[in-house]
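Structure, as structure tokens:
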Amino acid sequence: MFKFLEMFKKKQPYTIPTVKPTTIHKKDDKTQHDLFLTELENLLASSNLFKVQYIKKYLNLYKTYKPFTGKDHNLLSKQPYFLESLTDEAQQFKKNEIKSYAKNIILLANRRAYAKVTLNRFKEDNLFQEVSLIFPKNELICEKIIAQKRKYHNKTIPISKVPIFPVITCIKCPACHLGIMYKPYIKI
Ligand SMILES: [Zn+2]
């Protein structure tokens with residue numbers, strides 16, 4: 001037992017990775033930020049919740065890159081021009097509802113960017129070629145995602161063919177932004 005522990009102690013300094021992962025993490029974090037902005041612009045436009053002239057304004061709120069910092073999910077609805085920026089269609093919703101949709105847009109953009117970075121990392125590292133998809137519980141996801149779950153849950157898919165979750169149409173869903181987990185699948 002003690003011998004085993006000693007062995008572990010001795011080995012530890014060699015197994016803790018130092019320089020390389022830091023560089024990779026930095027690169028992935030910046031890539032995730034850039035992808036987030038692309039996703040955000042796309043979501044803001046496709047949501048039909050905001051007047052076109054406000055999309056750039058909202059995008060600019062998130063433009064500055066701060067390494068390893070989470071995004072404020074409520075930045076859109078905090079702006080003094082929030083209500084004014086809403087389309088006629090969006091003004092039909094209750095204030096709380098529209099606020100939560102605005103928050104979901106940020107969560108979806110963030111989560112999609114994260115999924116893309118994760119899958120890119122898998123591809124670049126080239127340690128395995130397939131992933132299995134793990135979905136949240138049915139109570140947390142909408143009909144559309146339950147249908148996707150039926151198709152993909154626990155299935156193994158080549159990394160190059162894997163769909164990106166959460167999908168951009170889940171803006172009004174309470175928890176679809178949780179997305180799914182991409183788990184490395186290694187054939188034995
Ligand atoms: Zn949904």
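Just so you know, these numbers come straight off a predicted model, no measurement behind them. Just so you know, ligand 1 is whichever comes first in the structure, and atom 1 is the first atom listed for that ligand.
Between the side chains of H33 and K66, no donor N or O sits under 3.5 Å from an acceptor N or O. Donor-acceptor pairing under 3.5 Å is recorded for the side chains of T169 and K144.
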Pairs under 3.5 angstrom only: tabulate donor-acceptor contacts from the side chains of residues 52-61 to other protein residues two or more places apart or in another chain.
| residue | atom | partner | partner atom | Å |
| --- | --- | --- | --- | --- |
| Y54 | OH | E84 | OE2 | 2.4 |
| Y58 | OH | S85 | OG | 2.7 |
| N60 | ND2 | K56 | O | 3.4 |

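Alongside Y65, the hydrophobic cluster contains no other residue (criterion: ILVMFWY side chains under 4.5 Å). Residues L119, F122, L127, F128, V131, L133, F135, I141, I145, I146, Y152, I157, V162, I164, F165, V167, I180, Y182, I186 make up the rest of the hydrophobic cluster containing I159, defined by ILVMFWY side-chain heavy atoms closer than 4.5 Å, directly or through other members.
Distances under 2.8 Å from the Zn ion (ligand 1) pick out the protein N/O/S atoms C142 SG, C170 SG, C173 SG, C176 SG.
Taking the charged nitrogens against the carboxylate oxygens, K161 and E130 have no contact shorter than 4.0 Å, which rules out a salt bridge.
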